[in-house]
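Scroll down for the structure; my scribbles are underneath it.
Remember, it's 1-based here, ligands and their atoms both numbered in the order they're listed. Keep in mind that this is a model prediction, so the values were computed, not measured.
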Amino acid sequence: MKKVITYGTFDCLHEGHRRLLERAKALGDWLIVGVTSDDYDRTRGKINAAQSLMERVEAVKGVGLADEIIVEEYEGQKIDDIRRLGVDVFTVGSDWVGKFDYLREWCEVVYLPRTQGVSSSEIRGVRRGVRLGIFGTGVVADKYRKEVEWVNGMSVGGQCAEFEAGVESLAGTCDAVYVVSHPRRHAADVRSALEAGMHVLCESPVALSGKDFRDLVSLAAERRLVLMDAIKTAYATAYNRMLLVVKSGKIGRVVSVDATCTSLMPPWQNPKDLEESWNSRQAWAPAALLTVFQLLGTHWERVRRKSFFAEGAEDFDLFTKYDFEYEGAVASVKVGKGVKSEGELVVSGTDGYIYVPSPWWKTDYFEERHEKAEENRRFFYQLDGEGIRAQLVAFSRAIATGRGPGNVTEAESEVIAELVK
Ligand code: CTP
């Protein structure tokens, strides 16, 4: 029996996929189809499949040509599959010519002509193209601009600096906007954007009081628009796996969370120069506070805050430390733009601890450590685009489905707004 294997994402299954499967089947007697998992797709840069892995597998099954369906999860799996399953022919469309010649060591490789005029990207684009406006300038705005290119079905509809025009000026060419103006203006800018009919992804803190944040949430709900808090860390795979390791009890009961984030800003001459900069709380506290809340919740018994301010700039904290007391646990958050420290995260439990090395907020790696070193475990997950890419995908899904991704809850954003003010 001649075995044939082919791989693909098979998102929004179309005529091109059907024809490819027909011709693949005709190359032998038994057809194996490898459907890429959501995680693997992401690592190849091909993100934002409109359908989940299960839906895509069902669609391939529905064509009725596959004798066996497997999931492709890791780099190098093709070689494993070919050897393990005794495959005679590997085939894919001509868009991959040359790319899989290395498999000739194990089987025959056939590139089939691609069907013209149809692709998943196009179908996705028609279904839910999001034109994203960027409101604000600077390094972070540039990063978002670049990351949009990686997200299928999303394009940049315009960019505007906060001192040039109001955010509503983007409404003509954009369905949604990423707001990265000064935090002092966020609430007003988000309000204008929602009133102009755009979905909003806003750099954290979204507002500088819990009440202002709640008002914006109500406005978004009234207008049936998405409002998302743009804390990048919440979209890093490693960060989310770390939360799961803790929640599954691997380090016992959590007793202490210590998160530090610092970055020294360039020297300044005049306190006035600081007016347009984000202070330490605004720049760093949201990600660190979020981590505390996602591990210990938002119902603390007491919180104390101590800040050291720049001379002559009374709201500009060079360093702030938050101390939380929970029933049975404590947490500390240290943030600074005028003080340098080790940017690590330590979650201490009764059976062990989690160590996330600096810069933990851009994490792709963490360790679970125990009294006995042989029980220690290390975890690594690729982080693409500092989490921005995955966040944009989540934003575009939220727009399509009307449901937020839940990586940052409204309750969490609300207390962040309150604590950062
Ligand atoms: N394919 C094809 N003809 C098309 C589209 C896809 O023969 N018009 C083939 C691809 O070459 C590949 C398989 O179908 O072997 C699965 O393709 P996949 O990448 O899942 O689909 P695309 O439509 O190419 O997706 P995208 O637009 O996201 O690149």
So, does Ser248 use its side chain to make a donor-acceptor pair with the main chain of Leu244 at under 3.5 Å? yes
Quick check: His14 and ligand 1, any N/O pair under 3.5 Å apart? yes
Any chance you could lay out the side chain to side chain donor-acceptor pair (under 3.5 Å) test for His17 and Glu15, step after step, and finish with the verdict? CA-CA 5 Å; His17 295 142; Glu15 195 49 31; over 6 Å; no
Is the shortest N/O to N/O distance between Arg23 and ligand 1 below 3.5 Å? no
List ligand 1 atoms under 4.0 Å from Ser120, heavy atoms only on the residue side. 21 (O), 22 (P), 23 (O), 25 (O), 26 (P), 27 (O), 28 (O)
Do the numbers put Lys78 on top of the ring of Tyr7, so that NZ or CZ is under 6.0 Å from the six-membered ring centre and no more than 45° off the axis? yes
Looking at Ser119, which atoms of ligand 1 are within less than 4.0 Å of one of its heavy atoms? 23 (O), 27 (O)
Report yes if Gly8 has an N/O atom closer than 3.5 Å to an N/O atom of ligand 1; otherwise report no. no
Taking non-hydrogen atoms only, is Leu20 closer than 4.0 angstrom to ligand 1 via side chain, backbone, both or neither? side chain
Taking it one step at a time, do Ile82 and Leu103 satisfy side chain to side chain contact (heavy atoms under 4.5 Å, CB included)? CA-CA 9 Å; Ile82 289 167; Leu103 295 174; 3.9 Å; yes
Could you walk me through whether Leu392 and Tyr144 satisfy the side chain to side chain contact (heavy atoms under 4.5 Å, CB included) test, starting with their C-alpha distance in whole Å, then the side-chain angles of each, then the deciding distance to 0.1 Å, before giving a yes or no? CA-CA 9 Å; Leu392 290 173; Tyr144 272 78; 4.1 Å; yes
Ligand 1-proximal atoms of Glu15, by part, heavy-atom distance under 4.0 Å: neither
Out of all atoms in ligand 1, which are within 4.0 Å of some heavy atom of Val118? Include the element for each. 4 (C), 5 (C), 8 (N)
Where do Glu168 and Glu195 land on the side chain to side chain contact (heavy atoms under 4.5 Å, CB included) test, with the steps shown first? CA-CA 8 Å; Glu168 63 286 349; Glu195 281 169 352; over 6 Å; no
At under 4.0 Å between heavy atoms, is it the side chain or the backbone of Asp95 that contacts ligand 1, or both, or neither? side chain
Would you say Thr9 and ligand 1 have an N/O pair spaced under 3.5 Å apart? yes
Looking only at N/O atoms, are Phe10 and ligand 1 under 3.5 Å apart anywhere? yes
Would you kindly check if the NZ (Lys) or CZ (Arg) of Arg241 is within the cone defined by 45 degrees around the ring axis of Tyr381 and under 6.0 Å from the six-membered ring centre? yes
Counting both backbone and side chain atoms, is some N or O of Asp11 under 3.5 Å from an N or O of ligand 1? no
What do you reckon, are the aromatic ring centroids of Phe100 and Phe90 less than 6.0 Å apart? yes
Rounded to the nearest 0.5 Å, what separation is found between the OG1 atom of Thr291 and the CH2 atom of Trp360? 3.0 Å
Looking only at distances, can you tell me whether any N or O atom of Val92, backbone or side chain, sits closer than 3.5 Å to an N or O atom of ligand 1? no
